[in-house]
2 protein chains.
Amino acid sequence: MTALSINNWQDVHSEVLHRIHSRQWKPGDQIPNEIELAREFGCARATVNRALQVLADSGLLDRRRKAGTRVAIHPVRKATLSIPIIKQEIEEKGLAYGYALISEARKKPPPDIRARMQISADAKILSVNTVHMADGKPYVFEDRWINVDAVPEVSSADFTKQSPNEWLVENKPFTSGDIAFSATLASQKQAEVLACKVGEALFVIERSTWDAQTAITSVRLTFAPGYRMHTDI
Amino acid sequence: MTALSINNWQDVHSEVLHRIHSRQWKPGDQIPNEIELAREFGCARATVNRALQVLADSGLLDRRRKAGTRVAIHPVRKATLSIPIIKQEIEEKGLAYGYALISEARKKPPPDIRARMQISADAKILSVNTVHMADGKPYVFEDRWINVDAVPEVSSADFTKQSPNEWLVENKPFTSGDIAFSATLASQKQAEVLACKVGEALFVIERSTWDAQTAITSVRLTFAPGYRMHTDI
DNA sequence: GAGTGGTCTAGACCACTGT
DNA sequence: CAGTGGTCTAGACCACTCC
């Protein structure tokens, strides 16, 4: 007979997790309320609360005032992807980072970019195309649109040495954004930049960021063939 | 002169966020310690602590005992993807869900699956191929391998009505897993199942889940052309 | 109305780590 | 060693929501 000793919220967390995994508490079941659990575990209610909040955040519990806490019926798993700066991502793989500016120009935004960034046709927009390399091989093609009105300082940025990806992270914080992942066939231009064949399958990340209501930038990252984005759950 | 009134941790959170976004506190800067902030905001240290922990979790602050709290130099943004049950994902889009079993068989696991699941060549493995449909059109091809030793009950499961995706979520909780996203060209078989052309670009999710040290299942989800996975950051 | 979770407070002790 | 964040406790009040 081993008495379990519970001293901190991590212990409560793993004990509750154990009861869910061992199906002592099954999906849909209501579990005891915080006061009862605190009594059982011999700790303060705040400690139980902390553990249960973490479990609710991760989608394993459903909590509602008055209704109590239940084991989630369909435990929606959440994967947390960290979105690194490309330079960091490459260097963390132990590869040599390289970078080249392809083009930089003021342009009229095409309709899809206008829609994504919710800007007018005559907004001042900077289009920057660059490529990032790992050990000398093309790694990702960065096709970026920057709203100059939102980031006037960008006019004096030098994108021959530092990528817009890096420059923006360091110089223009954002308050919100959205991100989408998809697959596409390599176009002629993408194939040239990424040194692959036309028609290969490429992984694509599209991201837009905002400062309050103002669009800052929208970017399409097209990765060289074989790229995998990976995380633990 | 508007005095800001701070009553809860969310207020502290947004005030600190504001100071970071407005560059009052710049990347790399050390910010006042919890006691000072609590005094300034007129609240308890625990309240400040809660807010700063959330900000640290989201990657905007770096906190270390003794060294204090600093604004992250490269604010690594984290995107949280919820991994839904396919049926739910389709129904939440307002489309009619459909499902079909293509094949189900005991098989010797091929080398790549053996490696992914870390099982021996003579392990009992069930291979299930299915397709999920949205409004009658193929949506995703599910190519799944299940470790029968880890889930003996699976032998009595009926995959003609319910997909293994759904069955496993309801019947076999897992303690850990990993997930990868990539792009691939449609093979002959995939094209047939997904009613698309050979050589189209398809979005792929590969996922393996574990109960402690035992592999439960490994699945490869190949989505019909045009699929986008989307989230806010 | 009443039961539940959400949060705050004040104080305390501990764990880590820079100097 | 000493400063900082990490956590616990006991008690309190509030907000939400089911009945």
Side-chain angles (χ1 to χ4, degrees), chain A residues 3-17 19-20 25-73 75-76 78 80, chain B residues 3-17 19-20 25-73 75-76 78 80:
Chain A
L4 80 165
S5 86
I6 290 203
N7 299 313
N8 51 35
W9 70 264
Q10 289 93 336
D11 290 346
V12 177
H13 180 98
S14 54
E15 173 59 20
V16 172
L17 209 49
R19 293 187 185 182
I20 295 173
W25 292 340
K26 300 191 191 66
D29 285 359
Q30 179 161 357
I31 75 173
N33 69 29
E34 297 185 347
I35 297 175
E36 282 178 62
L37 287 176
R39 199 165 36 225
E40 184 195 344
F41 295 148
C43 64
R45 178 165 84 95
T47 307
V48 173
N49 180 275
R50 172 81 188 262
L52 297 188
Q53 279 198 8
V54 170
L55 287 163
D57 280 347
S58 71
L60 280 165
L61 294 177
D62 280 337
R63 320 191 74 204
R64 286 206 326 275
R65 285 155 151 141
K66 167 76 181 181
T69 299
R70 291 175 177 279
V71 180
I73 304 175
V76 175
K78 289 176 182 162
T80 308
Chain B
L4 79 166
S5 86
I6 291 206
N7 299 312
N8 52 34
W9 71 265
Q10 289 94 336
D11 290 345
V12 177
H13 180 100
S14 54
E15 174 59 20
V16 172
L17 209 50
R19 293 187 185 183
I20 294 172
W25 293 340
K26 299 190 191 69
D29 285 0
Q30 180 163 356
I31 76 173
N33 70 29
E34 296 185 347
I35 297 174
E36 283 177 61
L37 287 176
R39 200 167 33 225
E40 184 196 342
F41 294 148
C43 65
R45 178 164 83 94
T47 307
V48 174
N49 180 276
R50 172 81 189 263
L52 297 188
Q53 280 199 8
V54 170
L55 286 164
D57 280 346
S58 71
L60 281 165
L61 293 177
D62 281 335
R63 321 191 73 201
R64 286 205 327 273
R65 284 153 151 141
K66 167 77 180 177
T69 299
R70 292 175 176 279
V71 180
I73 303 175
V76 176
K78 289 176 182 161
T80 307

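These numbers come from a predicted model, not from an experiment.
- For the pair A/T47 and D/dT9, the criterion of a side-chain N or O lying under 4.0 Å from OP1 or OP2 is met.
- Here B/N49 lies in heavy-atom contact (under 4.0 Å) with a base.
- Interatomic distance, CG of B/L61 versus CG of B/L17, reported as 9.0 Å (0.5 Å rounding).
- A/T69 has no side-chain polar atom (N or O) that falls below the 4.0 Å cut-off from OP1 or OP2 of C/dT4.
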Pairwise N/O distances under 3.5 Å, protein to nucleotides 1-3 of chain D:
| residue | atom | partner | partner atom | Å |
| --- | --- | --- | --- | --- |
| D/dG3 | N2 | B/K66 | N | 3.4 |

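- Here the options are B/I6, B/N49, B/V12, B/I31, the test is side-chain contact (heavy atoms from CB on, under 4.5 Å), and the partner is B/L37; only B/I31 passes.
- In the set D/dG5, C/dG5, D/dT7, the nucleotide with an atom closest to the side chain of A/N8 is D/dT7.
- One finds no side-chain N or O of B/Q53 lying less than 4.0 angstrom from the OP1 or OP2 phosphate oxygen of D/dG5.
- Remark: P of C/dC8 and CZ of B/R39 are 20 Å apart, rounded to the nearest angstrom.
- Residue A/R45 contributes atom CZ, which lies 8 Å from atom C1' of C/dG6 at whole-angstrom precision.
- Atom CG in B/D62 sits roughly 13 Å away from atom C1' in D/dG5 (whole-Å rounding).
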Would B/Q53 and B/D57 count as a side-chain hydrogen bond (donor to acceptor under 3.5 Å, both in side chains) if you check the C-alpha gap in whole Å, the side-chain angles of each, and the deciding distance to 0.1 Å? CA-CA 6 Å; B/Q53 280 199 8; B/D57 280 346; over 6 Å; no
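- In this structure, B/R70 places its CZ atom 14 Å from C1' of C/dT17, rounding to the nearest Å.
- Contact between the side-chain N/O atoms of A/R64 and the OP1/OP2 oxygens of D/dC18 is found at a separation under 4.0 Å.
- Among the protein residues, A/Q10 comes within range of the sugar-phosphate backbone only, with heavy atoms under 4.0 Å from sugar or phosphate atoms but none that close to a base.
- Here D/dG5 presents its P atom at 13 Å from CG of B/L55, a figure rounded to the nearest Å.
- Out of D/dT7, C/dT9, C/dG6, the shortest distance to the side chain of A/R50 is found at D/dT7.
- The nearest heavy atom of DNA chain D to B/I31 and to A/C43 marks one nucleotide each, and the one closer to the 5' end goes with B/I31.
- Looking only at distances, a side-chain donor or acceptor of A/Q30 sits under 3.5 Å from a matching main-chain atom of A/A67.
- Rounded to an integer number of Å, the gap from B/Q30 CD to D/dG5 C1' is 12 Å.
- By the salt bridge (charged side-chain N to carboxylate O under 4.0 Å, His left out) test, A/R50 is found to be paired with no residue, residues two or more places apart in sequence or in another chain being considered.
- A/N7 has its CG atom 12 Å from the C1' atom of C/dC14, to the nearest Å.
- The interatomic distance linking A/F41 (CZ) with D/dT9 (C1') rounds to 17 Å, in whole Å.
- Judged by distance alone, the side chain of A/R63 and the main-chain N or O of A/T69 form no donor-acceptor pair under 3.5 Å.
- If you find the closest nucleotide of DNA chain D to B/A46 and to B/I35, the one lying nearer the 5' end belongs to B/I35.
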